Structure formats: C-alpha cells, structure tokens
Amino acid sequence: MAYSYLFQPLTLRGLEFKNRAFVAPMCQYSAADDGIPTDWHLMHLGSFATGGFGLIIAEASGVVPEGRISPGDLGLWNDDQAREFAHIADFVHTHGQGAKFGIQLAHAGRKASTYHALPGYPEGSLSPEDGAWTTLAPTDEPFGPFDAPRAMTESEILETAQAFADAARRAVDAGVDTVQIHAAHGYLLHEFLQKDVNTRDDRWGGTDLENRMRFPLEVVRRVREAIPDDMPLMLRVSAVDWKEEAGTEAAREANDADLADITEFVRQAAAAGVDMVDVSSGGNLPQPQVRPVPGYQTEFAAHIRRETGLPTSAVGIITDAVQAEHVIATGQADAVSLAREALRDPRWALRAAQELRQDIEWPDQFYRAKR
Ligand code: FNR
C-alpha cells in the first residue's frame, strides 16, 4: 500500500481522526422554524460520514437567535435543537466508520438578518415584513448595503461570550466530538478583530490589537471551560480581507498586515486552549479583491502553522486527492477541509483513498463498489 499523508490519523487531545480529509461547515438554509436541524441536515452530514471523511463539521449554528445569518440557519440555544443534533451525531458515530462530528458555533454580527442565500431569494437584509431583526456588531457601521447594526454594550459582549459557552455545553451533551468557533468571514468575532470594522474606543476595540482580540479570546476561554479537557477545540479564521487587487504589491502589503494580526490572534487563542485552526479568508468587505484559484488560501495556513506551531487545516478550492496530499505532505497544513467539492461528491474521501491506493474501511452496504 502506498504511503499517504492524507490518510494518516491525526490526534488532538484525546481524539483521533482516522484521516485528514475534513468537511468544512456549509449553511444549508434548511432549518425548521427556530433553528432546528431537519432530515435535510441528516442526509447532508450523514452522506459525508458514509463517504469516508475523518471529520464533518455542521454549518454555522447561531448561539443566539439574532446570531443567525438567516431564518433558515441552525441554532444551538435550546434543547430542542440539541436533540436533533444528537440524532445526527448518533448517525455519524453509528455509520461513519469512526468519522467524527463537530459543530461550528457562530454569531453573524452585522451580517445577520438576511434572506436565505438560495436561488429565488432576494439578496441582503430581510425586510421588516419578512421578520428582520436588529443586528449587533462592534459599532453601528453597516456592512455594504445591509441594514445598520447596533453597537454592542459591554454587557451584551459578555452575554454573547457566555452564549457561545452555553451552546458548546449543549453540543457536548448532544454527543459532538469537537466544536469549532467561527471567527472568520466577517461575522461577529471577525468584525471585532478587523481594525477597519472595530473602531470602538473602549477596551473592546480600536487601534490596539489586544483590545480587538479581547472579545474573541473571551469566547475561546469560556468555550474551552465549557467542554471536556480531552475534547479538541477548533477555530476558524479569515487570514486576510483582500482589500487590494490580488497579485499586486499593494495586495501583498494589505494581506501581510491582516495576516500579522490574525497570526497573533491565533497564537493567543492557542494559549487559551484552541487545538487546531482552519484558515479561510475574506468576509469583512462586500467586494473583496480576490481571485480564487485552486489552493489560494493554503499559503496563509502554512504561515500560521509555521509562526504559531498550531496544527492547521487548509481550505479553499481543494478538489482532488493529489492536491490534498501535496498540501499536507509539504507541511502547509495538517489536514484539508473541503466544502463545494464535498457537495459535488459526498463520497470524495472514499474515492481519494482508491486513488491514493489506501485500503480503508468502507460502509458494508457499499462493499461491492470497493476495488
Ligand atoms: C460555505 N462556507 C461556510 N463557511 C463557514 O465557516 N460556515 C458556514 O456555515 C459556511 N456555509 C457555506 C455554505 C455553502 C453552500 C458554501 C459553498 C460555503 C464556506 C466554506 O466552508 C468554505 O470555506 C468555502 O466554500 C471554500 O472552500 P471550497 O468550497 O472551495 O472547498
């Protein structure tokens, strides 16, 4: 059997992932009323579990109702939601040949209260007739054409950090193997980190990075305390915001500045108990100057891994087995996360194992397809 980096197990704290092919969180805009997972989510996440992936992370799930992107998002602020997550966790554990299950805990900040991002829905903020709610953010500056948020008070900041911890505890009770804190894509935690967005003049923001990190690090600390010691804690960051035209010197400078801040944040998050970081990009600008090409974000994962020593996963147009193998073999990341390619082929990891000549376990029901 040929050697494969992708199919080497990875251990974080007390948890072993059978391989390094992970599924990134993907909103399905298919929740029942009140953020409850449905059969769609069981099918969506279950298909990845039976498709050979080592870790499947459920979509951004609001830690409070107003933290959802849209009314179709999942939530984890009550026990009815947790019960349905438990059903999915059971499925993954029963049928996933050792696959692990995680949940991304999220608050959409000033990018909340939108329509479902699906064909047939308008773009942008919900209208009042469609149930718009007041969004919360570091300041009252809107995101592009979205409705303006309200700047959070100090007590709202602390309550929100606690809501992350409460949701994490519910996730643990539901049987997840790990939780991922969403600090990427221009949602609340990333809004606090980005200096152009978080222009507060108190200890939670402004020009001082320590102040801008205070809330996201508070979230990390509280979530870490809420989950068992042997459970790994994941984090997702946006390394850069693509402020200048990709490929230019100006872009390099702007990206380097963002990357320096985020690298420092990851370093401190690791000290506060994060075990792995998934490195994405973008989200704070309505029109980022990015040209997505295969592997366009792996250099950021590599930088953060090198500078902080924290295990990373790389994401962004990673679509084939050899490419995934290369990312890990060259030390850019410890794992890869796939989103759209996993939607196209939920059995991607089984196929990758064949391509890389790895004799892994398949679901018995599929054995006739195994070569
Ligand atoms: C996403 N993405 C995403 N990211 C995240 O952190 N939380 C989420 O809930 C979602 N939701 C979501 C839905 C859908 C349908 C897509 C396609 C994407 C971003 C995703 O996890 C990933 O970072 C990007 O899609 C880039 O990876 P790929 O698609 O090039 O493998």
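What you are looking at is a predicted structure, and each value in this text was computed from that prediction instead of being measured. Note that ligands are numbered from 1 as they come in the structure, with each ligand's atoms numbered from 1 the same way.
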Give the residue, atom name and distance (to 0.1 Å) of the protein heavy atom nearest [atom].
atom	answer
atom 18 (C) of ligand 1	M26 CG, 4.0 Å
atom 1 (C) of ligand 1	P25 O, 3.8 Å
atom 13 (C) of ligand 1	C27 N, 3.3 Å
atom 25 (O) of ligand 1	A339 CB, 3.5 Å

Subject >> Min side-chain heavy-atom separation T153-I157 under 4.5 Å >> reply: no
**OP:** Would you check if H44 and Q28 make a side-chain contact, meaning some heavy-atom pair closer than 4.5 Å?
**Re:** yes
**OP:** Measure up the H95 and F91 rings against each other and bin them: parallel (under 30°), tilted (30 to 60°), perpendicular (over 60°).
**Re:**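 Judged by the thresholds at 30° and 60°, the geometry between H95 and F91 is tilted.
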Element-labelled atoms of ligand 1 that are located less than 4.0 Å from some non-hydrogen atom of [X]:
X	answer
Q104	5 (C), 6 (O), 7 (N), 8 (C), 9 (O)
A24	21 (O)
I317	28 (P), 30 (O), 31 (O)
A60	9 (O)
H182	5 (C), 6 (O), 7 (N)

Original post:
So between H185, R340, H44, R344, whose heavy atom ends up nearest atom 17 (C) of ligand 1?
Top reply: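 Considering heavy atoms of H185, R340, H44, R344, the nearest to atom 17 (C) of ligand 1 sits in R340.
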**OP:** Closest by any non-hydrogen atom to atom 4 (N) of ligand 1: pick that one out of R236, Q180, Q28, E59.
**Re:** R236
Original post:
Is R222 salt-bridged to D166, going by a charged N under 4.0 Å from an acidic O?
Top reply: no
Original post:
Any salt bridge between R203 and E154, counting N to O under 4.0 Å?
Top reply: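 Salt bridge flag = yes for E154 with R203.
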Subject >> ring-ring contact (aromatic ring centres under 6.0 Å, His included), paired with F192, selected from F215, Y187, W204 >> reply: F215
Original post:
Within a radius of less than 6.0 Å around CZ of R351, do more than 12 heavy atoms belonging to other residues, nucleotides or ligands occur?
Top reply: no
Original post:
Going through the distances and angles, do C27 and I69 end up as a side-chain contact (heavy atoms from CB on, under 4.5 Å)?
Top reply: CA-CA 9 Å; C27 288; I69 302 167; 3.9 Å; yes
Subject >> Residue portion contacting ligand 1 (non-hydrogen atoms closer than 4.0 Å) for V315 >> reply: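 Under 4.0 Å from ligand 1, V315 contributes side-chain atoms alone.
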Original post:
Which bit of E341 gets closer than 4.0 Å to ligand 1, counting heavy atoms only: side chain, backbone, both or neither?
Top reply: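 No part of E341 comes within reach of ligand 1.
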Original post:
Between CZ of R110 and CG of D147, what distance do you get to the nearest 0.5 Å?
Top reply: 12.5 Å
**OP:** Report yes or no: does a heavy atom of A184 sit under 4.0 Å from some atom of ligand 1?
**Re:** no
